[in-house]
Novice: 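What follows is a structure written as structure tokens; I'll ask about it next.
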Amino acid sequence: MSSRHMHLLFVCVGNTCRSQMAEAIARHMGHHSASAGTNPGSSVAENSLAVLSEIDVDTNGLKPKPIEEIELDGWDMIISMGCGVHCPMLPIAEDWGLDDPVGGSIELYRQTRDTILENLERLSA
């Protein structure tokens, strides 16, 4: 793992699956991270929590948050999960183009998790 530690903000619409997984995995890798949604759901998807626990990633403190609660200054990168988040106040550095696994199989959540992990490893290199 790289010694390059970043401040990463992950945004999407619901903030219940992809961005939550990205927040937790980035934190596990030693980055300062947060996530938020433009229309957050009420809780983190159970399958997201399950696939994170499979790789021993801590899920404590994960909860959907509205983007309005997040300070937008000080992030090295703001990353969209691929859900068409367009907001003039959000300087999106990358859009990862991930399909939302909500309602899908546990295998779909695992694939999403693994893609997030690959993207974070690339950023950390």
Side-chain angles (χ1 to χ4, degrees):
M1 183 165 38
S2 168
S3 60
R4 182 172 179 225
H5 299 287
M6 297 174 285
H7 287 72
L8 302 170
L9 175 61
F10 302 96
V11 296
C12 65
V13 176
N15 191 220
T16 61
C17 297
R18 298 164 291 181
S19 55
Q20 292 289 338
M21 287 192 278
E23 175 184 353
I25 293 168
R27 187 175 58 220
H28 182 77
M29 295 174 75
H31 302 297
H32 175 77
S33 63
S35 66
T38 56
N39 187 21
S42 58
S43 63
V44 178
E46 287 298 320
N47 280 346
S48 290
L49 298 173
V51 300
L52 290 172
S53 69
E54 288 175 356
I55 60 168
D56 295 323
V57 170
D58 183 11
T59 59
N60 287 326
L62 293 181
K63 65 178 178 131
K65 302 165 285 300
I67 193 68
E68 295 82 12
E69 288 184 7
I70 302 292
E71 174 59 50
L72 297 178
D73 293 329
W75 299 103
D76 294 319
M77 293 182 83
I78 298 177
I79 299 166
S80 169
M81 296 288 96
C83 39
V85 173
H86 297 291
C87 184
M89 67 181 185
L90 291 177
I92 303 292
E94 289 188 9
D95 183 332
W96 286 355
L98 300 172
D99 290 332
D100 192 345
V102 71
S105 68
I106 191 77
E107 187 54 39
L108 182 58
Y109 280 83
R110 287 183 184 118
Q111 291 169 4
T112 303
R113 174 201 65 200
D114 293 347
T115 301
I116 289 168
L117 188 54
E118 291 168 10
N119 285 336
L120 283 167
E121 287 171 346
R122 173 183 50 83
L123 289 180
S124 300

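Quick caveat: nothing in here was measured; it's all calculated off a predicted structure.
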Novice: Any chance you could measure Leu123, atom CG, to Met77, atom CE, to the nearest 0.5 Å?
Specialist: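 It comes to 5.0 Å.
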Novice: Testing the basics here: between Ile106 and Ala50, what is the closest heavy-atom pair and its distance to 0.1 Å?
Specialist: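 Residues Ile106 and Ala50, closest heavy atoms: CD1-CB, 4.2 Å.
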Novice: For the atom pair CZ (Arg110) and CG (Leu52), what is the distance rounded to the nearest 0.5 Å?
Specialist: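 Between atom CZ of Arg110 and atom CG of Leu52 there are 12.0 Å.
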Novice: A side-chain contact here means heavy atoms from C-beta on lying under 4.5 Å apart; do Val11 and Ile70 qualify?
Specialist: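 Not touching, per the 4.5 Å side-chain cut-off.
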Novice: Should Pro40 and Lys65 count as side-chain neighbours, where that means a heavy-atom distance under 4.5 Å?
Specialist: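 Pro40 does not reach Lys65 side chain to side chain.
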Novice: Taking all atoms of both residues into account, what is the closest heavy-atom pair of Gly82 and Asp95, and its distance?
Specialist: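 Heavy atoms only, the tightest pair is CA-OD1, 2.9 Å.
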Novice: Does any part of the side chain of Tyr109, heavy atoms only, come nearer than 4.5 Å to the side chain of Asp114, both counted from C-beta?
Specialist: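 No. Closest side-chain heavy atoms not under 4.5 Å.
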Novice: Quick check: does any side chain N or O of Ser33 sit under 3.5 Å from a backbone N or O of Glu23, one acting as donor and the other as acceptor?
Specialist: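 Judged by distance alone, yes, a pair lies under 3.5 Å.
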Novice: Decide yes or no on side chain to side chain contact (heavy atoms under 4.5 Å, CB included) for Leu9 and Leu72, but give the supporting numbers first.
Specialist: CA-CA 9 Å; Leu9 175 61; Leu72 297 178; 4.0 Å; yes
Novice: Would you call the rings of His7 and His32 parallel, tilted or perpendicular if under 30° counts as parallel and over 60° as perpendicular?
Specialist: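 Answer is tilted, since the angle falls between 30° and 60°.
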Novice: What's the shortest heavy-atom distance between Gly41 and Pro64, and which atoms?
Specialist: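 Minimum heavy-atom contact is O-CB, 3.2 Å.
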Novice: Please tell me if the side chains of Ser124 and His31 come closer than 4.5 Å, counting only heavy atoms from C-beta onward.
Specialist: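 In contact.
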Novice: State, yes or no, whether a side-chain contact exists between Leu120 and Leu8 at a heavy-atom distance under 4.5 Å.
Specialist: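 SC-SC contact between Leu120 and Leu8 confirmed.
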Novice: Leu108 and Leu98: same hydrophobic cluster, using ILVMFWY side-chain contacts below 4.5 Å?
Specialist: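 Not linked; separate clusters.
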Novice: For atom CD of Glu46, is the number of surrounding heavy atoms from other residues, nucleotides or ligands below 6.0 Å larger than 12?
Specialist: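 Count not over threshold, so no.
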Novice: So which atom in Asn60 and which in Arg27 form the shortest heavy-atom distance, rounded to 0.1 Å?
Specialist: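 Looks like O-NH2, 3.5 Å.
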Novice: Under a 4.5 Å cut-off applied to non-hydrogen side-chain atoms, are Trp96 and Ile79 in contact?
Specialist: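 Yes - at least one pair of side-chain heavy atoms lies under 4.5 Å apart.
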Novice: State, with a plain yes or no, whether a side-chain heavy atom of Thr16 is found less than 4.5 Å away from one of Gln20.
Specialist: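 Sidechains of Gln20 and Thr16: no contact.
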Novice: If you measure from CE on Met81 to CG on Asn15, what distance do you get to the nearest 0.5 Å?
Specialist: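 Going from the CE atom of Met81 to the CG atom of Asn15 covers 10.0 Å.
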Novice: Please name the pair of heavy atoms, one in Val57 and one in Ala24, separated by the smallest distance, quoted to 0.1 Å.
Specialist: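 That would be CG1-O, 3.5 Å.
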Novice: Charged N to carboxylate O below 4.0 Å: is that the case for Glu118 and Arg122?
Specialist: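 Result for this pair is no, no salt bridge flagged.
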Novice: Answer yes or no: is there a side-chain heavy-atom contact under 4.5 Å between Val44 and Thr59?
Specialist: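 They are not in contact (no side-chain heavy atoms under 4.5 Å apart), so the answer is no.
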Novice: Starting at CG of Asp99, measure out to SG of Cys17 and round the result to the nearest 0.5 Å.
Specialist: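 It comes to 12.0 Å.
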Novice: Rounded to the nearest 0.5 Å, how far does CZ of Arg18 lie from OG1 of Thr115?
Specialist: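 One finds 12.0 Å between OG1 of Thr115 and CZ of Arg18.
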Novice: Which distance, rounded to the nearest 0.5 Å, do you find between the OG of Ser43 and the NZ of Lys63?
Specialist: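 Between Ser43 OG and Lys63 NZ, I get 12.5 Å after rounding to 0.5 Å.
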Novice: Decide if atom CG of Asp58 counts as having more than 12 heavy atoms of other residues, nucleotides or ligands within a radius under 6.0 Å.
Specialist: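 Enclosed: over 12 neighbouring heavy atoms sit under 6.0 Å from CG of Asp58.
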